[in-house]
Amino acid sequence: MSNERELTMAKAIAEAISQEMERDQHVFVMGEDVGVYGGIFGATQGLLSKFGPERIMDTPISETAFIGAATGAAAEGMRPIVELMFVDFFGVCMDQIYNHLAKNTYMSGGNLHLPVVLTTAIGGGYGDAAQHSQCLYSVFAHTPGLKIVVPSTAYDAKGLMIEAIRDDNPVMYFFHKGLMGLGWMRYPERSVNVVPERSYTIPFGKADVKRPGTDITIVCLAMMVHCALDAAEKLSKEGIEAEVIDLRTLVPLDREAVIASIKKTHKLLVVDEDYLGFGLSGEIAAIAADEAFEYLDAPVKRLAVPNVPIPYSQPLEQFVIPSVEAIAEAARSLAR
Amino acid sequence: MPFQKKEFPDKFAALSKEDKVGLLRTMVRIRAFESRVEELFLNRRIPGFVHLYIGEEAIASGVMANLSKNDWITSTHRGHGHAIAKGAQIHRMMAELFGKTTGYCKGKGGSMHIADFSVGMLGANGVVGGGYNIAVGAGMSSMIKKTDQVAVCFFGDGASNRGTFHEAMNIASVWKLPVIFVNENNQWASTTPTSFATSVARIADRAKGYGMEGYTVDGNNVIEVYNAAAALVEAARKGKGPALLECLTYRIKGHYVGDPEKYRTKEEVQKHFTENDPIIRYADWMKGKGLIDDAALATMKAEAEKEVADGEKFAEDSPLPEKEDAYNDLFSFSPSEFPEVVK
């Protein structure tokens, strides 16, 4: 019975961290409001009472300091988990991430291990405007040296978090606010699923076929997985069977899964809640062109946030973020 | 929280009765706006996050009474009060919160990004500590153009731990810029108390490290705030450089509307509100001096509530943007001339 329980993504993440903290004394958590509050989006709920303030550390609003400190602590054998409250705030600490955390292993000729997990909240759709609604994982995937994890369900979130903590490299772990199962924000029912109590890992670089199909491949991640699945259900009623591939990690990227699906369906739609320009959707399209061009029956289609900041007003925001209907329409036009 | 008081010249005493009443009216208008915004958010009429200024009104009111429309301010995520005190119009602020085309930012900004450049309100800010250097830049323009304009940068106690604080304070001091850094120490940085996260008891003490003057005042006493700001703004206008003014206050509401506030007790909040409400304190003082009576105060509150209700009506009646409006305003030219830039 107990192995059939369902968790929200927030609870699954907190449980993963808790189990790893019990297993390894070197793991600790730092961030704004991660202690008493349990993380603004609940990723560290319940951990303070279990592990105390020495290992669950609330910080001042000083991201440069505590993310930089994570790099230093990791270099000396600790395994810090640090939270950047919203990914949109990356600018205030980017030098520590881009030029230190990401590069120190390489610059030292591999003499340094930096087992840091940098967690951060992403995503829009609830009217939080341009400085609190972005995804931006492509910005971090762009620099060499950071592994990039973006889960879409509670089950995946736990396994990927444990894998992230055990990885000897810097891992950025992006959780979508709309998938955390928060009381005050709508979330897809599907994101809450059965999560085993035991500890388990999900390897990086393994995409997950969330829905098999034969007519068109939809590559996506995070919230867009759920939107694509909803669109696929609509399309199925129209006789179009979409295959939905959840990448789960961007670095490493499961190119084989994308190519294998294209070989099956011959049509590719990439759906992304990040910006259209110079990002994930372009990368996937380039892989398709490089490695599966002869299998494509139509040009690759990309659906992503146009290159404008996320607007506040609801009609504008709903227009720029790919919707179920927009995904279905794009898939239809491609499948025809 | 004891602190060393500095006696500033009592410029307040020289104000007309009208101006003294005006300080109260600004506070009452802010309170009315924020109280209604809280209800609207709880009724899901406003999306996103909203951070209220309730209990901190004396700071915006007291500081802004020393500025003209030509002076500038930079604000924070808790910025509605600053905007109102600087002269922004309530109906256009409300329209922005409703995401309407008639809002200050045509619905693109929302609560954390309200800006009214026509009254020198250079923008709220969703990033903690994001405003310092914008104020520094405004101060630079005053210096270069040789005007006597002053920039005031509002920031919280939590923001004083950001790296941008250090860089802005240093550069403003080195270049002797007309910038007043006004710290609103409301004792809570999101969910952590100031004492937990800040290395000094008095944020004003940090001014010493930058070679500038720093003072602490009771931020819930509008007269004290007014007099301190009057002295510092006047000095900055005369080219004497920047200063740091710490205003002690208390965040009556949660970090955001809907915050479960498990990090503090209801009793603590209630104690501050009943004993230290800046509006009640100043209104009582004025009554004692015969400057206002209960009837006039009630009228003032009713007028403020009507202004907010009218603003809400205006916002409701205004049109939502068209979805294609999302493509406009990215650059300072019409993107329709250059569609490839955004689409």
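A, B, ... follow the sequence lines: proteins, then strands. Residue 1 opens every chain.
Counting non-hydrogen atoms of other residues, nucleotides and ligands closer than 6.0 Å to NE2 of B:H272 gives a total above 12.
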Starting from the C-alpha separation in whole Å, work towards a yes-or-no answer on side chain to side chain donor-acceptor pair (under 3.5 Å) for B:T192 and A:D58.
CA-CA 8 Å; B:T192 50; A:D58 274 324; over 6 Å; no
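In this structure, the portion of A:F86 lying under 4.5 Å from any heavy atom of chain B is its side chain and not its backbone. At a 4.5 Å heavy-atom cutoff, the contact between B:V127 and chain A is made by backbone and side-chain atoms alike. Both the backbone and the side chain of A:V92 come within less than 4.5 Å of a heavy atom of chain B. Proximity to chain B (any heavy atom under 4.5 Å) is restricted, for A:F89, to the side chain, taken from C-beta onward. With a threshold of 4.5 angstrom between heavy atoms, A:T64 does not approach chain B through any atom at all.
The closest donor-acceptor contact from the side chain of A:D128 to the backbone of B:G48 lies at 3.5 Å or more, if one exists at all. Without hydrogens or angle criteria, A:S62 side chain to B:N161 main chain gives a donor-acceptor distance under 3.5 Å.
Side-chain rings of B:Y327 and A:F319 approach one another, their centers coming within less than 6.0 Å.
Side-chain contact between B:P47 and A:Q314 is present, with heavy atoms from C-beta onward closer than 4.5 Å.
The nearest pair of heavy atoms linking A:P315 to B:K323 is O-CB, 4.3 Å.
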